[in-house]
2 protein chains.
Amino acid sequence: MTNKINKNDQIKTDIIVKARELFKRFGLNKTTMEDIAQTMSKGKSTLYYYFSGKEEVLYAVAQKEIADTFGSILAEVEKQKSAQERLRAFFLKRFDVLEEKLNTYPAMVREQKKNIEIIHKIHLEFSLLERNLIKEILLYGIKSGEFAHINKKDCDSLAIAASTILSGIDIYTFVEGTVPPIGDQLNILFNITMRGVK
Amino acid sequence: MTNKINKNDQIKTDIIVKARELFKRFGLNKTTMEDIAQTMSKGKSTLYYYFSGKEEVLYAVAQKEIADTFGSILAEVEKQKSAQERLRAFFLKRFDVLEEKLNTYPAMVREQKKNIEIIHKIHLEFSLLERNLIKEILLYGIKSGEFAHINKKDCDSLAIAASTILSGIDIYTFVEGTVPPIGDQLNILFNITMRGVK
DNA sequence: AGTAGACTAAAACACAAATCGAGTCGAATG
DNA sequence: CATTCGACTCGATTTGTGTTTTAGTCTACT
């Protein structure tokens, strides 16, 4: 009994591993159930004994990816003592992991593109204006003594960070087709950040 | 001389206005140079006397859109006295404007979509885990006295805000095909935010 | 200077034919 | 009974094709 369940699971995870590899190499569209079956020297129908369909295979692969990724972040976080260092570790690791995934699944990333160039070009231009405005407001606040004194370079960095976050929200909005409903939350984040700037 | 320049500019801006309207209604692809010319009761060739091509028309329209949008934000900002209120006004207005644009150009937004659904679904799941981790770290910091006491609701809000920002950066990265090179800037922003949390 | 009609070349479209690939089924194997 | 597979279906995707649309040019008219 336990033997059977084990064997079943073994094959399942084998499928997941193989599928994952193929997805990495060829992307979602170019990987067929036939391909997956062949790399395991099995018939295509056999896959359907273990998974209800391609989507479920993909889902299983994604689940594993999520678990692995989240695990590696968690590990990094738990190395740290203080909450501050934990948070910092989280963000840094999270950033690394994002880049790593981007490089791991180039085919899948490529599948998702079209002609964003124009909008991007336009958006970039707007971002530059915006970034300067943010910087000016910051400098204004520093000059008036309302904000703590920050050196010019950090001021620049802050503006860049802020504008990038906004760009992220822009593109998020663009892709989703709706503005993320987090007005209040951002407000609270803003208040706390302000406490730090003052 | 000045008269001629004025007339030239007048027609140019007329073209821009008309093109803008058509882009709003029908999107980029479904708006032809012929269409634009017809709504002005002019020959198509005439457009090429004023603009080198469709792309330049689009660019001009975008320029105007940028100028208008930025102007409306700037106006809102300059109503405020303190730098803090200016910053806040900036973010809020910026948010409004984003949503407004989304509603103004639905056809153009629609043109830019494909099958993001799967990745989105997967991403959402990851976001939930991530959000909880952030919240837990925050609560950990509050319990230990390292962070200032924030009520649970605000803590939630902070976590949502942070995860949403990260989602934004995710999608940004996804669309751009590269992680935004602002590690240092984010670090500085992080430090300042921390000062506020403590 | 400003306009437009006729033109071209290339891209978009339409639609039929062929191909591919996800998913089913019943039979085979052990 | 658990597991595998070959043969099949059917809808989606791709391909080949001819046609239409459309960005952009050229020339000539005012």
Side-chain angles (χ1 to χ4, degrees), chain A residues 1-16 18-23 25-62 107-108 110-115 117-118, chain B residues 1-20 22-23 25-62 107-108 110-115 117-118:
Chain A
M1 175 72 177
T2 42
N3 234 345
K4 278 175 184 174
I5 288 174
N6 275 347
K7 193 190 169 191
N8 190 297
D9 281 1
Q10 181 50 51
I11 293 177
K12 263 189 153 174
T13 60
D14 198 29
I15 293 173
I16 291 169
K18 295 278 168 50
R20 190 188 199 179
E21 222 128 88
L22 290 174
F23 287 155
R25 280 245 282 283
F26 305 113
L28 241 68
N29 300 333
K30 287 264 183 287
T31 301
T32 69
M33 292 296 267
E34 190 72 52
D35 291 339
I36 298 170
Q38 260 169 15
T39 66
M40 321 185 29
S41 313
K42 290 261 161 88
K44 181 180 62 155
S45 317
T46 305
L47 295 182
Y48 289 89
Y49 183 76
Y50 296 98
F51 292 95
S52 75
K54 194 182 184 181
E55 214 172 297
E56 206 180 289
V57 174
L58 167 61
Y59 192 70
V61 170
M108 286 177 69
R110 231 173 298 124
E111 274 172 346
Q112 283 308 126
K113 286 211 228 163
K114 207 79 201 191
N115 52 337
E117 294 86 22
I118 317 155
Chain B
M1 178 67 177
T2 42
N3 235 343
K4 279 175 184 176
I5 288 175
N6 274 348
K7 192 189 170 191
N8 189 296
D9 283 359
Q10 181 50 52
I11 293 177
K12 263 189 153 176
T13 59
D14 197 28
I15 293 172
I16 291 168
V17 168
K18 293 281 167 51
R20 190 189 200 182
L22 289 173
F23 288 155
R25 282 244 283 280
F26 306 112
L28 239 68
N29 300 332
K30 287 264 182 289
T31 301
T32 71
M33 291 296 268
E34 191 72 51
D35 291 339
I36 299 170
Q38 258 169 18
T39 65
M40 319 184 35
S41 312
K42 289 263 160 89
K44 183 180 62 157
S45 319
T46 305
L47 294 182
Y48 288 89
Y49 183 77
Y50 296 98
F51 293 94
S52 75
K54 194 181 183 182
E55 209 163 307
E56 206 180 289
V57 174
L58 167 61
Y59 192 70
V61 169
M108 287 177 70
R110 231 172 299 125
E111 274 172 346
Q112 283 308 124
K113 287 213 228 163
K114 206 82 200 186
N115 52 337
E117 294 85 21
I118 315 156

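Residue numbers start from 1 in every chain, and the chains themselves are labelled A, B, ... in the order their sequence lines are given, proteins ahead of strands. From a predicted model like this one, the values you see are computed outputs, not experimental measurements.
The minimum heavy-atom distance between B:Val61 and B:Phe23, with the atom names listed, is CG2-CE1, 4.1 Å. Between A:Met40 and A:Ile15, the shortest heavy-atom contact is SD-CG1, 3.5 Å. Residues B:Tyr48 and B:Gly53 come closest through the heavy atom pair CE2-CA, 3.9 Å. What you find for B:Leu28 and B:Lys54 is that their closest heavy atoms are O-NZ, 3.1 Å.
In this structure the side chain of A:Ile16 never reaches within 4.5 angstrom of the side chain of A:Tyr50, judged on heavy atoms. Using a 4.5 Å heavy-atom threshold, the side chains of B:Ile36 and B:Leu47 count as touching.
At a threshold of 4.0 angstrom between heavy atoms, the contacts of B:Tyr50 are confined to the sugar-phosphate backbone, with no base atom among them.
Distance CZ/A:Phe51 to CD1/A:Ile11: 10.5 Å, rounded to 0.5 Å. To the nearest 0.5 Å, atom OG1 of residue B:Thr13 and atom CZ of residue B:Arg20 are 11.5 Å apart.
Side-chain nitrogen and oxygen atoms of A:Tyr49 include none within less than 4.0 Å of the OP1 or OP2 phosphate oxygen of D:dC5. Neither OP1 nor OP2 of D:dT13 sits under 4.0 Å from any side-chain N or O of A:Asn29. Between A:Thr46 and the phosphate of D:dT3, there is no side-chain N or O to OP1/OP2 separation shorter than 4.0 Å.
Comparing the local axis fitted to the first five base pairs of the helix from C:dA1-D:dT30 to C:dG30-D:dC1 with the one fitted to its last five gives a bend of 30°, rounded to 10°.
The listed nucleotides are D:dC5, C:dA22, C:dA4; the one nearest the side chain of A:Lys42 is D:dC5.
As rounded to whole Å, 12 Å separates atom C1' of D:dT3 from atom CD1 of A:Ile15. Summarising the geometry, the separation between NZ on B:Lys12 and P on C:dA1 is reported as 14 Å, rounded to the nearest angstrom. A straight line from CZ of B:Phe51 to P of C:dG2 spans 14 Å, rounded to a whole angstrom. Taking atom CG on B:Leu58 and atom P on D:dA23, their separation rounds to 12 Å, with Å as the unit. At whole-Å resolution of the value, CE in B:Met33 and P in C:dA10 are 19 Å apart. Atoms CD1 (A:Ile36) and P (C:dG21) sit 12 Å apart, rounded to a whole Å. One atom, CD1 of B:Ile11, and another, C1' of C:dG2, lie 8 Å apart when rounded to the nearest Å. B:Met40 places its CE atom 12 Å from the C1' atom of C:dG2, with the value rounded to the nearest Å.
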- Reading nucleotides 25-30 of chain D from 5' to 3' and marking B where a protein heavy atom lies under 4.0 Å of the base, S where only the sugar-phosphate is that close, and - otherwise, the string is BB----
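The side-chain hydrogen bond (donor to acceptor under 3.5 Å, both in side chains) contacts involving residues 33-46 of chain A comprise A:Thr32-A:Asp35, where partners must be two or more places apart or lie in separate chains.
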